[in-house]
Each structure stands twice: as structure tokens, then as C-alpha cells.
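Predicted model only: the values in this text are computed from it and were never measured. Positions are given from 1, in the same order as the sequence printed here.
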Amino acid sequence: MREVGITASNKFKVDHAYANGVRINDYYLASKNSKQYNKLTLMTAQDSFHIFTKKIGKYPYKEIDITEGLLGKDTGGMEYPGLIMIDASGFLQKKHPLDRYNELTEDVSHEVGHQWFYGTVGSDEYMEPWLDEGLTNLLENGVYDLTYTKSKSYCAKLMHSKFYTRKNVKRANKILKENANQFINKNQKANYINYPVNNPPKGVDTEDMAYELGMDFPAVLKVAMGENKFFDALHDYYQTYFLNIIRKYDNSKKVNNVINKFIDPKYLSE
């Protein structure tokens with residue numbers, strides 16, 4: 001656990017769902033739109049857990065809390081290990097724009113993605129924000145959005161949209177691949193992203209560096225490497241820590257006997 005955040009209210013209602021053995025607790029505020037908010041939030045969290053677990057690896061905790069609140073302008077959500085906060089400003093109004101449903105799926109999938117990067121993989125959010133926001137943006141836009149899900153289908157129903165179909169999701173994947181190949185095959189100028197938050201490259205906005213360019217890099221890598229190899233590598237990055245490195249170099253009985261003298265396997269997540 002890297003950070004601690006606290007959200008408290010005597011107005012919360014709570015509902016639960018499960019995904020991959022993880023209990024998802026949704027603390028939401030009563031309003032005219034709370035039924036749709038709660039259902040779509042839980043569905044999106046479930047779909048995100050299923051997809052990210054399959055693509056990256058197992059979430060290390062037994063539960064996660066999602067809380068609804070007022071986070072301010074241009075802030076859709078905030079992440080902590082085991083806790084995500086979702087902005088409710090669009091849902092607490094008597095009338096809210098229909099695209100708020102789509103924004104909700106984006107916010108929830110993004111903040112759930114943070115449970116992998118940075119919540120489990122302890123990257124330095126300040127010095128290398130692309131390993132935090134960039135990879136999480138990839139999970140939101142390049143994995144969740146490009147997978148046909150029940151939550152997005154329900155979202156389309158709430159928005160009275162007929163455009164969310166398996167065929168269109170497949171088309172979006174094709175367009176992404178075509179754009180990535182154009183980038184690979186053209187002599188593009190460098191867009192460096194491995195800079196700290198307080199010192200981005202000249203002419204590059206910090207937010208663009210972290211979120212957009214930070215997502216573009218792994219998105220293009222996914223096409224350059226091939227999807228299977230890319231996610232195998234991302235899975236390895238997620239899973240690898242000290243014991244894995246040791247066993248990579250020496251997995252003999254002698255070395256494992258030493259490990260077993262110091263490491264209790266009951267406390268290993270994998």
C-alpha cells in the first residue's frame with residue numbers, strides 16, 4: 001500500500017458486485033440518477049477487472065472501494081490503492097448531458113486501471129508519469145474502449161445510441177492499427193515522454209506528455225510488437241519483482257530452498 005485516502009459521508013448508499021474474486025463496493029449519493037450511476041459504475045468496474053486481469057495480471061487485494069463525490073472542474077476521478085473517487089457533478093444535477101454516461105465509463109475504467117499502474121507496480125508518478133498515467137490511459141482507451149463490453153452496451157442504451165456494436169469496436173481496432181503503422185513507417189520526429197512532471201520537453205504540455213503521448217508510446221508498441229507479445233511483456237512487467245528475477249537466473253532446488261527459508265508463500269499474491 002503506497003498511499004492512504006479517506007472519503008467519508010453520512011449520505012452514502014452502498015452496493016456491491018464481484019469480479020475475479022474481488023469485491024467491488026460502490027458508495028454513491030442518492031439522486032434522481034443514482035440508479036443508472038450505480039449500475040453503470042459497477043458494470044464498468046466489473047468489465048475493467050475482467051479485462052485487465054486477463055491482459056496484465058491479478059489484482060492483489062480482496063476488495064476495492066468506489067466513492068462518488070464532487071472533485072472539481074476537469075477532474076473525472078482520483079486514484080489510491082484500493083480506493084477510487086469518481087466525480088458526480090454531472091449526475092447530481094436534475095438534468096445532465098447524455099455524454100456524462102460515456103464519461104463515467106471512461107473515468108471508472110481509468111481509475112480502476114490505476115490499481116495496476118501505479119497501485120501495484122510502484123512506478124514514480126512524478127519522475128516518469130508516462131508509466132503511471134500513460135499506461136493507465138492505454139488500459140482505458142486502448143484496452144477497455146476497444147473491447148466489446150456489457151457496460152459500454154448499457155451506456156449506449158442510456159445515451160439512446162445505436163452506434164456501439166461489435167462491428168464498430170472491431171473497426172476502431174483496425175483504425176488504431178492503421179494509424180500506428182503510419183507512425184511506424186513515417187519518419188516522425190521524436191516525442192520524448194520520460195521527463196519529470198515539472199520539466200517536460202520544450203513545447204510539450206505536461207498533461208499531454210503524461211496522458212496522451214504517454215499512451216501513444218505503448219499503443220504504437222502494441223502494434224509494432226504484435227498484441228500477444230506486447231501483453232506478455234506487460235504481464236511480465238507487472239508480475240516481476242525480486243523473487244522472479246532471482247528465479248530467472250537460477251531456479252534450482254538449492255536456490256528455492258533458500259527462498260523458502262525466508263519467504264512465506266501464504267503472503268505472496270501470485
Side-chain angles (χ1 to χ4, degrees), residues 15-24 26 33 35-59 64 66 76-77 79 84 86 90-91 97-117 133-182 211-212 215-216 218-235 238:
D15 199 2
H16 314 281
Y18 291 85
N20 298 89
V22 176
R23 179 182 167 113
I24 304 168
D26 183 33
N33 309 302
K35 181 179 179 181
Q36 292 94 334
Y37 170 90
N38 175 54
K39 183 175 180 179
L40 186 56
T41 294
L42 288 175
M43 289 179 72
T44 303
Q46 283 180 303
D47 285 338
S48 299
F49 266 96
H50 289 316
I51 299 166
F52 301 160
T53 298
K54 181 179 179 180
K55 294 288 188 181
I56 313 250
K58 185 180 178 182
Y59 174 74
I64 184 171
I66 303 174
E79 74 281 357
I84 63 178
I86 300 298
F91 284 90
L98 289 179
D99 62 0
R100 187 65 187 101
Y101 292 120
N102 188 60
E103 290 175 8
L104 180 61
T105 65
E106 302 294 298
D107 295 340
V108 172
S109 64
H110 183 92
E111 304 309 337
V112 168
H114 270 303
Q115 299 304 307
W116 277 258
F117 307 114
E133 295 295 353
L135 284 178
T136 301
N137 231 20
L138 175 74
L139 294 184
E140 172 200 338
N141 295 295
V143 179
Y144 170 78
D145 274 356
L146 296 181
T147 305
Y148 187 83
T149 58
K150 291 180 179 178
S151 54
K152 277 289 191 181
S153 181
Y154 178 61
C155 175
K157 180 180 178 181
L158 292 173
M159 294 176 66
H160 310 296
S161 171
K162 298 180 180 180
F163 293 102
Y164 187 73
T165 63
R166 294 181 186 276
K167 184 177 181 180
N168 284 344
V169 171
K170 188 176 181 180
R171 183 181 293 120
N173 275 280
K174 183 180 179 182
I175 292 172
L176 175 67
K177 188 173 182 179
E178 289 172 350
N179 290 340
N181 278 319
Q182 284 184 359
Y211 286 84
E212 303 307 324
M215 174 186 66
D216 289 345
V220 173
L221 269 182
K222 179 161 70 87
V223 175
M225 296 172 66
E227 189 165 318
N228 290 339
K229 189 183 291 184
F230 173 79
F231 282 112
D232 284 347
L234 205 60
H235 184 277
Y238 177 70

Report the C-alpha distance between Leu42 and Tyr18 in whole Å, list the side-chain angles of each, state the deciding distance to 0.1 Å, and finish with yes or no for side-chain contact (heavy atoms from CB on, under 4.5 Å). CA-CA 9 Å; Leu42 288 175; Tyr18 291 85; over 6 Å; no

Would Thr105 and Asp47 satisfy side-chain contact (heavy atoms from CB on, under 4.5 Å), going step by step from the backbone distance to the final call? CA-CA 10 Å; Thr105 65; Asp47 285 338; over 6 Å; no

Regarding His110 and Glu79, do their side chains bring together a donor and an acceptor under 3.5 Å, going by distance alone? no

Return the NZ to NZ distance between Lys177 and Lys222, rounded to the nearest 0.5 Å. 9.5 Å

Reported CE-to-CG distance for the pair Met159 and Asn102, which is rounded to 0.5 angstrom: 5.0 Å

Separation between CZ (Arg100) and SG (Cys155), nearest 0.5 Å, reads 10.5 Å

Shortest non-hydrogen pair, Ile24 vs Ala19, comes out as CD1-CB, 4.1 Å

Closest non-hydrogen atom pair, Ala45 against Val108: N-CG1, 3.8 Å

Correct closest heavy-atom pair for Thr44 and Leu40 would be OG1-O, 2.7 Å

Any Asn20 side-chain heavy atom under 4.5 Å of Lys58 side chain: no

Please lay out, stage by stage, how His114 and Glu133 fare under the test side-chain contact (heavy atoms from CB on, under 4.5 Å). CA-CA 8 Å; His114 270 303; Glu133 295 295 353; 3.0 Å; yes

Quick one: closest heavy-atom pair of Met225 and Ala233, and the distance? CE-CB, 4.2 Å

Would you check if Thr149 and Met43 make a side-chain contact, meaning some heavy-atom pair closer than 4.5 Å? no

Report the distance from atom CG of Asn173 to atom OG1 of Thr147, rounding to the nearest 0.5 Å. 7.0 Å

Close side-chain approach of Tyr59 and Ile64, heavy atoms under 4.5 Å: yes

Determine, for Phe231 and Lys55, whether the Lys NZ or Arg CZ falls below 6.0 Å from the six-membered ring centre while staying within 45 degrees of the axis. yes

Ser109 and Glu140 have their tightest heavy-atom pair at OG-CG, 3.5 Å

So, does Asn168 use its side chain to make a donor-acceptor pair with the main chain of Tyr164 at under 3.5 Å? no

Between Tyr238 and Phe117, how do the two ring planes meet: parallel, tilted or perpendicular, split at 30° and 60°? perpendicular

Looking at side-chain heavy atoms only, is the closest gap between Asp145 and Glu106 below 4.5 Å? yes

Stepwise side-chain contact (heavy atoms from CB on, under 4.5 Å) test for Val22 and Thr53: CA-CA 11 Å; Val22 176; Thr53 298; over 6 Å; no

Is the backbone of Asp26 close enough, under 3.5 Å, to the side chain of Asp15 for a donor and an acceptor to pair up by distance? no

Say you draw a straight line from CG of Leu176 to CZ of Arg171; how long is it, rounded to the nearest 0.5 Å? 14.5 Å

To the closest 0.5 Å, what do you measure between CZ (Phe52) and OG1 (Thr136)? 8.5 Å

Measure from the side-chain N and O atoms of Asn137 to the backbone N and O of Tyr211, and report whether any donor-acceptor pair falls under 3.5 Å. yes

Please report the shortest heavy-atom distance between Leu138 and Pro218, naming the atom on each side. CD2-CB, 3.8 Å

